[in-house]
Amino acid sequence: MSEHELTQEQRLIRASVRAIAEKHFKPKAAEVDRTRRPPVEHIKTLAEAGFVGVFIPEEYGGPGRNLLDLVIVVEEVARCCANTAILVGCTDGATPRAILHLGSAEQKKKYLPRIAKGELLCAWGMSEANAGSDIGNIQCKAVKDGDHYVINGAKLWCSGAQVSDMFLVLVRLDPAPGLRGVGAILVERGTPGFSVGKHLDLIGFRGTGMAELVFEDCRVPAQNLMLPAGQMGKLLQVFNSDRIATNPPICLGVAQAAFEAAVAYSKQRVQFRKPIAEQQGVQWKLADMAIDLEAARALLYRAAARVDAGKGSAVDASITKVYVNEMSRRVTDTAMQLHGAFGLSEEFPMERMFRDVRGMSVGYGTTEIHRNLIGREILDGRYSA
Amino acid sequence: MSEHELTQEQRLIRASVRAIAEKHFKPKAAEVDRTRRPPVEHIKTLAEAGFVGVFIPEEYGGPGRNLLDLVIVVEEVARCCANTAILVGCTDGATPRAILHLGSAEQKKKYLPRIAKGELLCAWGMSEANAGSDIGNIQCKAVKDGDHYVINGAKLWCSGAQVSDMFLVLVRLDPAPGLRGVGAILVERGTPGFSVGKHLDLIGFRGTGMAELVFEDCRVPAQNLMLPAGQMGKLLQVFNSDRIATNPPICLGVAQAAFEAAVAYSKQRVQFRKPIAEQQGVQWKLADMAIDLEAARALLYRAAARVDAGKGSAVDASITKVYVNEMSRRVTDTAMQLHGAFGLSEEFPMERMFRDVRGMSVGYGTTEIHRNLIGREILDGRYSA
Amino acid sequence: MDFLIPEELKQLRESARRFVTEELLPLEPEYADNHDIPDDIRARLQARTKELGFWAFDLPEEYGGGGVGVLGMCLVFEELAQCNVPAFRAPSVFTPFLGPVLFRGNAEQKEKYLQPVIRGDKRTCFALTEASGGSDPTRMATRAVPDGDEWVINGSKIFITHADKADFVQLFARTGGKGREGITCFLVDKGTPGMRLGQNFELMSPDRPWELVFDNARVPAAQIVGEVGRGWDLAREFLGMGRLMHGPKAIGRAQRALKLAIDWANQRNTFGAPLASRQAIQWMIADSEVELHAARLMTYHAAWKADRGLPYHMEAAMVKLRCDEMMMKVVDRAIQIHGGMGLSRELPLEVMFRDARSRLITEGSQEMQRMIIASELLSGRGAIDRIGNP
Amino acid sequence: MDFLIPEELKQLRESARRFVTEELLPLEPEYADNHDIPDDIRARLQARTKELGFWAFDLPEEYGGGGVGVLGMCLVFEELAQCNVPAFRAPSVFTPFLGPVLFRGNAEQKEKYLQPVIRGDKRTCFALTEASGGSDPTRMATRAVPDGDEWVINGSKIFITHADKADFVQLFARTGGKGREGITCFLVDKGTPGMRLGQNFELMSPDRPWELVFDNARVPAAQIVGEVGRGWDLAREFLGMGRLMHGPKAIGRAQRALKLAIDWANQRNTFGAPLASRQAIQWMIADSEVELHAARLMTYHAAWKADRGLPYHMEAAMVKLRCDEMMMKVVDRAIQIHGGMGLSRELPLEVMFRDARSRLITEGSQEMQRMIIASELLSGRGAIDRIGNP
């Protein structure tokens, strides 16, 4: 568990969250996936124990923990239920972080304490049909009209949409082409002209209330504007540290669970008169999983610790995301394979784990986009291994 | 360079060793490989600057540095010349460590100060034709005769043999079968009946004076016995920490050099009217190399820091060795590929780097043997990722 | 040596392609994620294939089939597999795909079981796998004990596709010693007292196989296929042909995925340029094509051996191993090229991905195939230089 | 479709195998790591192959060759490649392997250049690659300028195998505009003033190719092969056949490596049991066999197309890409199975490994092959469904 490098308090966080997740989340993980019902009550459970809004400073009612603490929380939640872990993004992901770092004093006072209590869930509206990582191509438009903005357009792949109370929406504020015309605005649920569309059923994370957002002449007060056009760099910075906070620890937690299951299963499963764990090929697969997990955890914890030390960087986040994503694909794949046909069965968690991490390599920027970014940083001399 | 996590002193070590290696070792690296001449003078150069016998405590004339310091030294030496880095094993590898941890007071006083000055090089005689990692199968025999032992047999793949002054030889002391009958004894160069055989020309590390050791009725004083039969566990412990000290940092250093060369080359090489660095496929290859290097370095430094904190383990050493070995194979391979036909040419260092790391996955225990070990630890419940 | 596909098989393939386009693809949006199509739709499709002369195209002519052989079957299955409907394991609309066992029965059994299946009047299922045994015959625990003119069967079988719709079961049970030689094949009619459906398994792929439970089920001795104790040979024959057919199915799916990826790469613009202009995307497409090409050659080679009556045990293992891995990789790359859209259940890629992943395990895992191949080679039975040297 | 190798080709292969065993393998300990064999030994071996009727077995009968075609050539090269002597790139002892260019010359050129090469009296080399250009024809900088009845050539070529031993050079130079259409092929005799050997490259593999420098070298217009400005077509033809021949060479080497691995796994005991009993070792062997099998099928398919006069541009790229990668993996696994012994220069594996690695780059890197394949597919020129549909 790489416990040596963690503080006493971090080990305590891990133990507490693990106990909660084992007791409350794990037993419902399969049902959440099958019924597509976001387990929003799990956020309440975490909130009661003090594990939501983990990053929120004490002045706004949060515990003000650092990023590595949060990584541990998310990892442990995901170890038992990946859908719950994604919902943690509604209290500890990009939108709440953006409010803390970029919001007005009023916005912070109004929203952060409620987020820290788990009473206000926030989602992030970015992707469009023709704008995934290519944010400069965003078409959803907000036009100033007196003391309001009028929003028209739609957003895809919005995690937590069906249960969130507030949305940070990336919009084109200015006809300037590309990134320079894009800004961000907060939209509350219930605002006339704003609706959460149908559930988007993907290969994985089916219990996250993922949906489309639709804006039809939606009028939002001008003070909801969080980021005027031309300052997307600031938001991307928030987003970069968020890349470490949620996506990789979810993958790590799921992979850890898959590994544990594979070890247990291969000791128990008998083929050709002995447990398959006695076969060298199986042992090597277990060894490869362990190596992969160790490397991923070493990278992720280091990256989080760097952010906490004020040394975070976009390229570090990208490197971590790509490695941990692909590690989790390999590990869940091997774990499923070791389970044989039972690995495919919905009675076992293996196939769900495999599906859940598959999408994580696409979401939060595809691994390919991150490779582009890493490549550019190397070539521009801003990064050298 | 992962500098954030290093102390000020460690950064200084890196900078100093890098300056020495760039100036003295790099210009001769190709010649050393081609002529098969062990660059023993490089050890003198390192000794003068205080970078040999790095682990030796001050009471024996060394600087008493920790393992992570040594890892940095070896990495930087290997970045310029892998053969020199392997020779560093003669002053900082398994044999000198064994003397410190298992030697008699007299042996320590006699040898360690000379090792710290770079005056005494030590080699490790373990492998035999039918006993690689299967130490229990060792045939080379030492029989007590009065106050001497009489040794007969041969050892293969002994790195540094042609330049070393002393040899720690694993011998069968007892007819007891398997590991229980094996012990270790020190043999000085020049002892009658002991000869260093012909140079063993391998695919890589051709400048390490690798040779066979031959013992024909070789008489060694009884006080040279370092480890009686039945205590191999102690020696293996020394060997495990050595697994981190030399083999992985050599691979890391070579891979780092290959990566740097690949970046430089792809910015300069023009194909189809633009530098190949402008091609997405090339950028992804560079990104993959960076990701791989980062994960390897995170693992290796963490493993060394754990040993320094008294938390080292055999499984940690194995995980680190396998990952870093295979990382270095991938990275040197990609770097060579990016160089096109020039990558194959002996005028460029790429093909030498590729050959050198190939052998590191076999030496110091094949990656397969280490996978066996990791698998066993997992299944016996002694380790869980 | 000749790689030309005979003209009549090419025409057959062309017709199959048209049928898939006209009749099956329109059903995909509704039934892609189902383990079967509704009975009325299957009846309609079967009527249509009979009308077109397709039905039972692969079976020997003496049984009223088209007699196109294994290569012909591969070509048609490639086309069928391009569509996610019907599911891989669903009783096909082109042929009952009943495997070799029923052809080994006696005249009476053929009359009662084989012929109705060929006509499409009866359905069957194949019950071999057990919870503790997987592909390991030595661990088969379902037992049949003789009692007068009958055999009494106890035990259970798992992962039996379409056990719920089968009019009779091809059941393998232990009748003797521990090894392969103690296994016998029975035909057990639906409704036999003591045989019942157990658990229904929900799998990652659209398959929904069943458990079959035998609790003192009594079966007349006349229901034994072949000889007592020789059942494993029949099972092995069935498994071999099943493995070979993993080839065309994987090829068909992969071919469609690659086509989708190429079209998308040509049409999708990001950062002002089509994906197709990006080198790394080009490489993904090139690697997919090369793997697809090699998989197709391996499959045709194995089919050719089967058609000539040559042993194809090892080739079938190689086909299953490599073609399924190829499909996994090609579909995965297609998803990656599509980005978020690739994950969506609106496109056919997502269900193809789950199918692909499942097939690395079903009908003998990849590891089992490696074991078969290695054992042939290490024992010297399987020579290395094999092509053209049957 | 028929995968049988014709009887006469099988006999040819058998004879080649015998020749390799009796004549070449004994030379391996001494010459495996050399880029060539000494002239006297080659003369002796050539005399022997002529005596046995092998010499020029692959060339058309009208030129005095054996006319076995590309498939026959593949079968023989597979056998030859099992031995590390002579080196891959050395003028062969079985045939001059001269490539298609000289067959495109006029009668006079054939008389003066082609025939002596076929007889084994002259040697030639192929000079295309440049330092800045690699496989990119648009960057070719060596330039030929007409001056009366002569052309004046300036520039330099690198990585030219056996330029030192060649009696004449097949040289490609720019005579016109920037693109492919500005390139012309010349035959330049050894000793032409202004042409000289430059640097000798030491490579990882035993190859030792040369730089060829042209400093106002003057060549009569009669030395042009084909038309001015059409040289790239000739180069492309040469490259295509060269890529295809990567197939049998990789297969031969890999087959020997796999055989060594199997023998070693059966014989080597560690921890009280043979390596062959370890599951992970078995898997390495199984994967090697499957990859070897697929590579062989791809090669034979491409050879068959070439023999029928069908375009095989894309197939050749696929063969080079996949067969070379297969060889790399199979040899690498063989080394790993051998442990320390595998690294030793006493076994043939170490030089095979260096050869294998080199071939991922030489004669068009893997990336170049991917580019060719992807461009065929993305442009719609290369259909996906290609086998049996020439």
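Within every chain, numbering begins at 1; the chains are lettered A, B, ... in the order of the sequence lines, protein sequences first and strands thereafter.
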Interface residues of residues 318-327 of chain A facing chain B - non-hydrogen atoms under 4.5 Å apart: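 Residues Ile319(A), Val322(A), Tyr323(A) are the ones that qualify, each having a heavy atom under 4.5 Å from chain B.
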
Are Glu368(B) and Gln280(A) close enough that some pair of their side-chain heavy atoms sits under 4.5 Å apart?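 No, side chains not in contact.
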
Does Glu278(B) have more than 12 heavy atoms from other residues, nucleotides or ligands lying within 6.0 Å of its CD?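 Atom CD in Glu278(B) is crowded, with more than 12 foreign heavy atoms closer than 6.0 Å.
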
So which residue, Leu286(A), Asp292(A), Leu299(A), Val282(A), ends up with the most heavy-atom pairs under 4.5 Å with chain B?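 Most pairs with chain B among the choices: Leu299(A).
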
Quick one: do Arg302(B) and Glu294(A) satisfy side-chain contact (heavy atoms from CB on, under 4.5 Å)? Show the steps, please. CA-CA 10 Å; Arg302(B) 196 184 67 171; Glu294(A) 287 287 356; 2.5 Å; yes

Interface residues of residues 369-379 of chain B facing chain A - heavy atom cut-off under 4.5 Å: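 Near chain A, by residue number: Arg371(B), Asn372(B), Ile374(B), Gly375(B), Arg376(B), Ile378(B), Leu379(B).
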
